[in-house]
Amino acid sequence: MSSDVSTGARHDGQASPEPPDRPAAAPPARRRSLAEWRAGFTRFLRTEPLGAVSLVLIALVVLVAVFAPLVAPHDPLLQNRTRITEGPSAQFLLGTDDLGRDVLSRLIYGARSSMLIAVLTTAISLVLGTVFGVVSGYLGRTRDLLIQRVMDTIQSVPPLVLLLFMAVVLTPSIHGTIIALVIVITPSFNRVARAETLRIKEEPYIEAARATGAGALRIMTRHVLPNMMAPLLTMASLLFAGVIIAESALSFLGIGTPPPTPSWGLMLSEGVRYVEMAPWMVIAPGVVLSLAVFAFNLLGDALRDFLDPRLHR
Amino acid sequence: MIRYVVRRLGYGLIVLFLVTVFVFVAMTFIPSDAVDLMLADTGASEEQAAELRAELGIDRPVHEQLFSFLGGALQGDFGRSFYTDEPVMQLFLDRIPVTLQLGGLALAVGTALGVALGILAAVRRGTRSDSAIRGVAVAGLSVPNYVVGLLLLTVLGLWFAWSPPFVYVGPTEDFASWAQQMALPAIALGTSAVAGTTRMTRSSLLENLGSQFIRTVRAKGASERLVLYKHALRNSVISVLTLLGVNLGTILGGTVILEQMFSLPGTGQLIYQSVLDRDYPVVIACTIFYAGLFVITMIIIDVLYALIDPRIRAAREAGT
Amino acid sequence: MSAEPTVETGQETPILEVRDLVKHYPVRRGAFGRGAGVVRAVDGVSFRIPRGRTVGLVGESGSGKSTTARLANRLVEPTSGQVLFDGADLLATRGRELKALRSRMQMVFQDPYGSLNPRMTVFDIVGEPLEVHGVSRGRARTARVTELLETVGLSGRDLYRFPHQFSGGQAQRIGIARALATNPDVIFCDESVSALDVSVQAQILNLLKRLQRELGLSYLFIAHDLNVVRYMADELCVMYMGEIVERGDSDAVFADPRHPYTQLLLAAIPGHDPATAKAKDRAVARGEVPSPSAPPSGCRFHTRCPFAFERCTAEAPRLRTSPATGRAAACHLLDDTSEGGPS
């Protein structure tokens, strides 16, 4: 249209000393947004030293879990019948258990199932809870009422009791555990996502998007969702810690990860009977489990401080 | 106010109804039949199994089971144990005092410790002790409460050759023995409540200390101590109260493991044993009872909340 | 397109016409939730925007200006009334047709930063209408967005920057570029410059004027700053408590305000034309604007009007158009010549 008049005029003057600025625009700008992420990350490390510590711990746990076969000194299932409940030594750094299995190797493999379950549970709940929360908060009315009643119902049963109940219903297995945990965790994500949606809904840019003709689906995915990433991320980190605890508790009670697979909770329950004979059987998994949970809690705590502008006084 | 309480109770009943529906629907997903499990070792015939099923009422479709359960529930009959044939209601009522004692103690320990740490952190805000307290609080949250219990048992057993009494005695019979048995699990359970309470106390205290109202009190010449304890803290109670609900859920759940570990005959032990035995009527009823316990406590907290803060009272009575 | 806007012939359909727009919001009154009432945010508003012209909407905050704009483009569903966009009944339209009509009416908002999604790049923001309405994609869209940015005085270098990297005036230019993306016929400007510095305001106003000339746009221009409206508007509507109390040619209204409320507004402008000086003495703001959930009986302005008399408290004046001048005002003082005594 008429705006061509002005732009056209500029492009006619090829010989003009001022070079046209259009072609080079895109690539550096894309990189700039990446650089922003990096800058934010460095700022996080600087302002939240505890957060930095937690990242190191998390990286350690994740790496160990992924590369368990390379890192573990022994086969976690190998029973050395002659060397049961042996204290820490050069060969068995953290001692052996009642069946003569290497505690350290079992801890390392235990990180695998723990991380696998925590990652899957958190990811699935994050997606489900966010979808429910955003739909509920943005569309409101009947859908909101329905979804929130279901969430209230789930949250009215204490988490571990609900998990116990689910243990009766589902066969003890990794995927059974994940399903049960997802049911317990999803309402927490839902609550955050819904509250954030109700807040974001009132932002002028949402009205602006509606004015351009954008539909509900588009507004929810393109405008509402990206603006609640900070609190969701914080919540995910804290709930990840909670999932590790819950999973270990289920294994401890004998209704989580089924026996031969090494898991921290299972190791603790095996150790109870040998507390006085082989305290390392309880102390080692107890400390490792707590450290892993601590790392994620610390990260969540640091993220909450870092991402919440109200706390910067 | 009464209208508000009635409305809250009504909503609580709806939630409990939904929990019941959820429980019965979920039960249809059960992989292996309880009866098969019960009769597995007895070598009973297929006929006997069918007879038992009919007797237990689990051969009927879910909605019929649900309705007959609800019908019974209205008359106070929540079913009977598969094994002992005792009414579940009676089983639960027999054991609930122990769980309430444990839960109450844990909540008290956790909240008291949390508030104390929170005040300390707020008074020393920005200093090293502030961040140290924050670290300790997060650490407390991170050690699962059953691990705290285990570690306490390990340490005391190893170094002091002390283990808690194994037979539960009520506080009225032998208080010392009761206290000995309750102390460790209560401390273990309470640690999980400390972190949240500390954070909440700290932030709401800081917020209140900066408010106009507190500045006025200060201007009138009140001492710092008076300002802190009398005025600021009173306003912070409300926010700490909201956390009680969250902590309650965790603690009620935690009793399941700790009762088991410290051989306390509470409802947590009951539901856990029933899960292992697949004693469905007990599991179903206990799940619903726990929800009821939670719902009732939430209502009490909400009402307290409204009583403490008149502004909230007005809003609640006007609004939803 | 010719630089000269088409001369309005009277026969021609206006690009936008609203008739008797009403928006009532239900409210709970009192601390106990009893006695539900309504807030009459907009109460029977009618006006038309001729093609290529600007209609200004003025009034104090809470007078229903912004709601009127949102009713006219159906961001808010009206309680009753009619909206004719280019002759089409907007309120009866749904689905794809509604979307198509929406692309022809865009909006520029008050808060330059707030109305831009902080997580989106300029390219995504300005390109969103193109995407929503399926106008262009890929390279064509990049080219179009660049062109739009240049039209509003930004450049292609800004494509992948985020809103917070711009000044307030630049951010508002981005908002304008977004509004232009779908080649709309009408743009609603809701206090579009009131959040900006005065020097920047002038730049944005001139930009809007240039765009109107070049693209033949029509504006519904909402502002509480009368100087701004005077600069922009061809025609003026003055709103008070959800109603239009005076309407007419902008220059004429400024030169000779008929309604006491308009006189009051104009008197409040520092250093304004002495034509209203006579009113200035008496027309001082008396009291506060009444609560919109309990509007005064009769003429809604009578509680603050220096000229109020008995009839004003009893009977609501109607907006009467004078056939000779085309101007309209709703005041009993002005029509006691045509109709004597209470009817």
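Just so it is clear: chains get the letters A, B, ... in the order the sequence lines come, proteins before strands, and each one is counted from 1.
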Chain A interface, residue from B:T287, B:L293, B:I284, B:L252 that has the most non-hydrogen pairs under 4.5 Å: B:T287

Contact leader toward chain A among B:V15, B:L150, B:T255, where contacts are heavy-atom pairs under 4.5 Å: B:L150

Atom CZ of A:R149 with >12 non-hydrogen neighbours under 6.0 angstrom: yes

Heavy atoms from other residues, nucleotides or ligands near CZ of B:R124 exceed 12 (cutoff 6.0 Å): no

For the residue pair [X] and [Y], what are the closest heavy atoms and their distance?
X      : Y      : answer
B:F294 : A:Q155 : CE2-O, 3.4 Å
A:V157 : B:A291 : CG2-CB, 4.0 Å
A:I245 : B:P144 : CG2-CB, 3.7 Å
B:I257 : A:A249 : CD1-CB, 3.7 Å
A:S156 : B:V295 : CB-CG2, 4.0 Å

From CD1 (B:I271) to CG (A:L164), nearest 0.5 Å: 5.5 Å

Between CG on residue B:L151 and OG on residue A:S290, distance to nearest 0.5 Å: 6.5 Å

Side chain / backbone / both / neither for A:L291 at chain B, heavy atoms under 4.5 Å: neither

Contacting moiety of A:I244, where chain B heavy atoms sit under 4.5 Å: neither

Derivation and outcome, side-chain contact (heavy atoms from CB on, under 4.5 Å), residues A:L162 and B:F22: CA-CA 11 Å; A:L162 186 56; B:F22 168 80; 3.9 Å; yes

N/O donor-acceptor pair under 3.5 Å between B:Y146 side chain and A:L253 backbone: no

Sub-4.5 Å side-chain heavy-atom contact between A:F165 and B:Y290: no

Test item: B:Q260 and A:F252 side chains (from C-beta on) under 4.5 Å apart, heavy atoms: no

Audit row: A:I255, B:L276, side-chain contact (heavy atoms from CB on, under 4.5 Å) steps and yes/no: CA-CA 8 Å; A:I255 49 179; B:L276 293 185; 4.3 Å; yes

If I measure from the heavy atoms of chain A, does [X] come under 4.5 Å with its side chain, its backbone, both, or neither?
X      : answer
B:V23  : both
B:F17  : neither
B:V256 : side chain

Residue selection (most heavy-atom pairs with chain B, distance under 4.5 Å) from A:V150, A:L50, A:V272, A:V287: A:V272

Most contacts with chain B, counted as non-hydrogen pairs under 4.5 angstrom, among A:G242, A:S248, A:P159: A:S248

